[in-house]
Amino acid sequence: MSGEHEQIDGAGGRGVPAGPVEPGGAVGRGDDRLTGGTAHGNAVRAGRADLTLRMSDPAAPVAVAVTVTPPLGLRDPARPLRGREETLERLEAELAADPGAEGRLLALCGTGGCGKTAIALEIAARRSAAGCRVWWVEARNGPALEAALRAVARQAGASPEELERGDTADLLWSRLARLDTPWLLVVDNADDPALLDGPGSLGAGTGWIRPATGPGAVLVTTRDSTRATWGRVARLHLLRPLTGARLDAAALILRDHAPATAGTPAEAHALAARLGGLPLALRLAGTCLDQANLTPPPFRTPATPTTWTGYLRAWEEGLDRLDPGHVLARTRAMSVALLEQRGHVHARALLELLAAFADADLPYTYLLTPDRLAQAGPLAALDGPAIRQHLTALAELGLVELLDPAPGTPAVLRMHPLVRDASRTPGTAPVATGIVTAAATADGLQDGMDSEVTAALRSLAPHVLDAFARADLAGLEESALSELALAVNATARQLLADGLHSRARSVLGSLRAVEREYVEPAHPCTFITRYNLALVLRGQGELAQAREELEAVLAAEAERLGPDHPATRITRQSLDGVLRMLEGR
């Protein structure tokens, strides 16, 4: 498919006044105030107010690589979907039917781990093979969703000039409505449907996601099957675990992933019933047995299960009753135990750390480095090769997915929400916060300008915001809070570079509220945040408010740093630019 890696203009391409750029113009990567960048970041980390090397904000458009191509590499044709034939037939029939005036919006609903994404991938593969244009958008977090939908709009014919306006959602659906060939938009992992509202309302048909008319269709996977959420037009398809009459299919999933030596079909059937027919738990159990049988006997413990019966016995050991809410926790625990027996002694700690990050793709090559893990307890003992070996081992047992990077993007790790839920433990969140904060403010990211660095900053954004939302702010030391503020500023800068002015403003507004409560008014972090907020306001055309913020920052900097300090001069230049813009109105 053409255009699979869409280039999205950053600052200077959206929301920036046309014509020559005045001092204090469009935001670029060199603006250390917005990024919490190298020189200023070091000063803040040292507890100083020395902002000497802070730079002004020259225009420097940034291209961000986004893929909206279906991840068909995750589909294994050698292992067909079991027990979902009827669901596939219904979905294909509805996709082929005339949508009528109301349009076509299909929501595939069900609990985590029941195979929604696998079905969506199968539909995407079939539609692509039939000549249909297919876009795949992840809905795990708002910034990634909005940026991907901008890419879809552009590939559907929207121009960069049109995307600069504030009606991107309307523009997207206007462009899609003009297409005269079949297309399918898949929105995966929409477990928080509020993200689909955008500027309007999903249920009212005015959000980011709407029913498709003409030859198009929309397929959403979600845990939310509430009719009020999706509106009256959406067709809801409820997906349940493979129980009852479909238990034979569940047993086949086990047998697809494990060797024939694991036991008889009847024994696989008994284990499938005990696992509640949940496809993800079935896949993990089969993969665990496969890996156990590949392990030479001298390296197994006597308790290592290698058969269906042995796995069932180990799974039930110590349990007095079946608790479906803990099915995945038990299968996960057995997989981790196997990894530990095979010499990956830090697998449990690493999995628990991974679970402490946000529910979003994790740019692990920027986060899970030896220097980042130096303060992560037992994980500090791992060097680079050992980290990679542990990650590969987790992936081999299906506990995580290591996705190959697209050109210009970092490698990412994906963890199923149920695996994350089963692996989260108290005490790991602060460690994850420290790691993501250090990564987001690292010199290499703030100094770089290539597409992979930009994509890394963008992929770090949901993890920074999640850390900020979950942090015990009252319990943080000032230095740790300053580091977190720098990371949030770096995220705001990336949001602004992606043209997401409203979201950047919301993030900076939340940070300002925290600073008012926990940070000294004249702390250098507050200068950065207020200055950045002024840049966002300027980008949104709210020049009077931008002037007020810059005037306040200028007064504070002049008093604390002096009127001739470089930071003070930068603020004065930006204020002069805004004043000239006001005069030109």
field: Side-chain donor or acceptor of Thr409 paired with backbone N/O of Pro405 under 3.5 Å
entry: no
- request: Can you sort out the partners of Glu401 under salt bridge (Lys or Arg N to Asp or Glu O under 4.0 Å), two or more places apart, ordered by chain and number?
  value: none
statement: So salt bridge (charged side-chain N to carboxylate O under 4.0 Å, His left out) across residues 196-217, not counting sequence neighbours, yields Asp170-Arg210
message: Test of understanding: with side-chain hydrogen bond (donor to acceptor under 3.5 Å, both in side chains), list the residues that count as partners of His237, not counting sequence neighbours.
response: Glu94
field: Counterpart residues, side-chain hydrogen bond (donor to acceptor under 3.5 Å, both in side chains), relative to Asn141 (two or more places apart)
entry: none
query: Short question: side chain of Thr526, backbone of Pro521 - any donor-acceptor pair under 3.5 Å?
result: yes
Tabulate below the donor-acceptor pairs under 3.5 Å that side-chain atoms of residues 222-229 make, not counting sequence neighbours, or state none.
residue : atom : partner : partner atom : Å
Thr222  : OG1  : Ala190  : O            : 2.7
Thr222  : OG1  : Asp224  : N            : 3.0
Asp224  : OD1  : Thr226  : N            : 2.8
Asp224  : OD1  : Thr226  : OG1          : 2.8
Asp224  : OD2  : Thr229  : OG1          : 3.2
Arg227  : NH1  : Gly231  : O            : 2.7
Arg227  : NH1  : Ala234  : O            : 2.7
Arg227  : NH2  : Ala234  : O            : 3.3

Between side-chain atoms of residues 176-183 and protein atoms elsewhere (two or more places apart, or another chain), which donor-acceptor pairs fall under 3.5 Å?
none

message: Checking Glu548 now: which residues fulfil salt bridge (Lys or Arg N to Asp or Glu O under 4.0 Å) with it, not counting sequence neighbours?
response: none
- request: Only one of Arg424, Arg414, Arg140 passes salt bridge (Lys or Arg N to Asp or Glu O under 4.0 Å) with Asp359; say which it is.
  value: Arg140
- prompt: For Arg547, what residues pass the side-chain hydrogen bond (donor to acceptor under 3.5 Å, both in side chains) criterion, not counting sequence neighbours?
  reply: none
- request: Could I get the full list of salt bridge (Lys or Arg N to Asp or Glu O under 4.0 Å) partners for Asp466, not counting sequence neighbours?
  value: Arg470
- prompt: Which pairs pass salt bridge (charged side-chain N to carboxylate O under 4.0 Å, His left out) with one or both residues in residues 100-116, sequence neighbours excluded?
  reply: Glu102-Arg232
query: Does any pair with a residue in residues 523-533 pass salt bridge (charged side-chain N to carboxylate O under 4.0 Å, His left out), and if so which ones, sequence neighbours excluded?
result: Arg530-Glu549
query: Tell me the salt bridge (charged side-chain N to carboxylate O under 4.0 Å, His left out) pairs involving residues 499-513, sequence neighbours left out?
result: Glu146-Arg503, Arg505-Glu542, Arg512-Glu515
